[in-house]
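Heads up: numbering here begins at 1 and tracks the sequence.
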Amino acid sequence: MAAYFRRYLVRHMNAWRIARFGEFRLPAGAGPIVVYTNHPSWWDAAIVVVAAAEFLPAHASFAPLEKAMLGKYGVFGRIGAFGVDLDSPRGAAAFLHAAADILSRPDRALWITAQGRFADVRERPLGLKAGVARLPEIAPDALFVPMAIEYAFWQERGAEAFVAFGPPATGRELLALPRPARRDRLEADLTATLDRLSGDVQTRDPACFRVLLQGRAGIGGVYDAWRRLAASWRGRPF
């Protein structure tokens, strides 16, 4: 599925980029990983799949997915997604039970779109779900890593996808905080990462980013075929 979504991104996006300030750096000896993100669009599922393969290839990755969506896109259930209903106490309890099992081993990662709904990248506060702040209680050895996601159109037909990772926090570090302050800390770390990423996106400067996947630039079709032919006549690269 990672290979499939890489091809899908290349076909439909101009590029997938990671901010140079927000490269993924995993401390030596880190235990299980919780990567929590904002949730701007449908594309986030594809980004999570390819990011899991790109940055945590040695980990088995899992992700909660809203039950109705899992029923619509059943293939995700075969690659580590599990259905949740976070609008009910029973659903929240089931999520925590599944998360405890996943995070019981150091070679596993849990990826969470922590807003629990689609939300514009400019929305503040982010409004993270309360469940993410419960995770240090069941997985104190886990490492919590914020990942900001944004999409924008630059000079080409296709959109640009951007990610950036923020500074990680250990489960035990978070566990020392009361639960409301714990969620505030997680949200503040993700907000700061997203704000800095948005600033780099607004510059439209490719030098601020490293390209992870390069798509097909240009308009395509007859127009680009003519441009390619004209460039060859002039002895210029297309």
Side-chain angles (χ1 to χ4, degrees), residues 1-19 22-26 30-86 91 94-95 97-119 129 131-132 135 139 142-151 158-165 190 197 209-216:
M1 288 302 294
Y4 171 81
F5 277 116
R6 283 192 189 100
R7 291 194 299 271
Y8 198 80
L9 286 166
V10 165
R11 192 161 67 247
H12 295 284
M13 291 272 184
N14 184 57
W16 175 35
R17 307 174 190 268
I18 183 168
E23 291 277 3
F24 184 75
R25 296 177 179 89
L26 191 62
I33 310 297
V34 176
V35 182
Y36 63 102
T37 80
N38 59 311
H39 196 12
S41 87
W42 176 94
W43 281 99
D44 301 341
I47 293 295
V48 164
V49 171
V50 295
E54 176 76 20
F55 301 110
L56 290 173
H59 285 66
S61 286
F62 300 82
L65 191 63
E66 199 272 326
K67 278 188 174 180
M69 291 291 287
L70 189 60
K72 187 175 180 181
Y73 301 104
V75 66
F76 287 105
R78 297 196 289 273
I79 62 168
F82 56 97
V84 293
D85 176 13
L86 293 182
F95 162 72
H97 180 76
D101 180 48
I102 291 165
L103 298 173
S104 64
R105 288 174 44 177
D107 60 344
R108 289 180 173 177
L110 183 62
W111 299 71
I112 304 174
T113 49
Q115 290 175 289
R117 59 183 175 82
F118 291 132
K129 287 283 189 179
V132 70
L135 294 178
L143 190 70
F144 290 75
V145 184
M147 183 178 82
I149 306 174
E150 185 165 344
Y151 308 92
E160 314 277 337
F162 306 92
V163 296
F165 293 93
L190 180 56
L197 175 63
F209 301 90
R210 179 170 64 89
V211 176
L212 297 167
L213 286 175
Q214 184 69 61
R216 300 191 182 106

Would you say the side chain of [Y] lies within less than 4.5 Å of the side chain of [X], judging by non-hydrogen atoms?
{"X": "Tyr36", "Y": "Pro146", "answer": "yes"}
{"X": "Phe144", "Y": "Leu190", "answer": "no"}
{"X": "Leu103", "Y": "Phe62", "answer": "no"}
{"X": "Ser61", "Y": "Val49", "answer": "no"}
{"X": "Asp44", "Y": "Thr37", "answer": "no"}
{"X": "Met147", "Y": "Ile149", "answer": "yes"}
{"X": "Phe24", "Y": "Val145", "answer": "yes"}
{"X": "Met13", "Y": "Tyr151", "answer": "yes"}

How far does [atom1] of [X] sit from [atom2] of [Y], to the nearest 0.5 angstrom?
{"X": "Leu212", "Y": "Arg6", "atom1": "CG", "atom2": "CZ", "result": "10.0 Å"}
{"X": "Phe55", "Y": "Trp111", "atom1": "CZ", "atom2": "CH2", "result": "7.5 Å"}
{"X": "Lys129", "Y": "Gln115", "atom1": "NZ", "atom2": "CD", "result": "10.5 Å"}
{"X": "Phe95", "Y": "Asp85", "atom1": "CZ", "atom2": "CG", "result": "12.5 Å"}
{"X": "Thr113", "Y": "Ile47", "atom1": "OG1", "atom2": "CD1", "result": "13.0 Å"}
{"X": "Phe162", "Y": "Ile18", "atom1": "CZ", "atom2": "CD1", "result": "12.5 Å"}

Indicate the atoms forming the closest heavy-atom contact of [X] with [Y], along with that distance.
{"X": "Ala109", "Y": "Ile102", "value": "O-CG2, 4.3 Å"}
{"X": "Gly31", "Y": "His59", "value": "O-NE2, 4.2 Å"}
{"X": "Ala2", "Y": "Val50", "value": "O-CG1, 3.8 Å"}

**Report entry** Backbone N/O of Ala98 and side chain of Asp101: donor-acceptor pair under 3.5 Å
**Finding:**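 No, the answer is negative, given that no donor and acceptor are paired below the 3.5 Å cut-off.
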Query raised in the report: Is the side chain of Gln214 donor-acceptor paired with the backbone N or O of Asn14 at a distance under 3.5 Å, no angle test?
Result: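 Side chain of Gln214 to backbone of Asn14, a donor-acceptor pair under 3.5 Å: yes, one is there.
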Query raised in the report: Can you check ring pair (Phe, Tyr, Trp, His ring centres under 6.0 Å) on Tyr8 and Trp43, steps first, answer last?
Result: CA-CA 10 Å; Tyr8 198 80; Trp43 281 99; 5.5 Å; yes
Query raised in the report: Within a radius of less than 6.0 Å around NE2 of His12, do more than 12 heavy atoms belonging to other residues, nucleotides or ligands occur?
Result: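 More than 12 heavy atoms, drawn from other residues, nucleotides or ligands, come within 6.0 Å of this atom.
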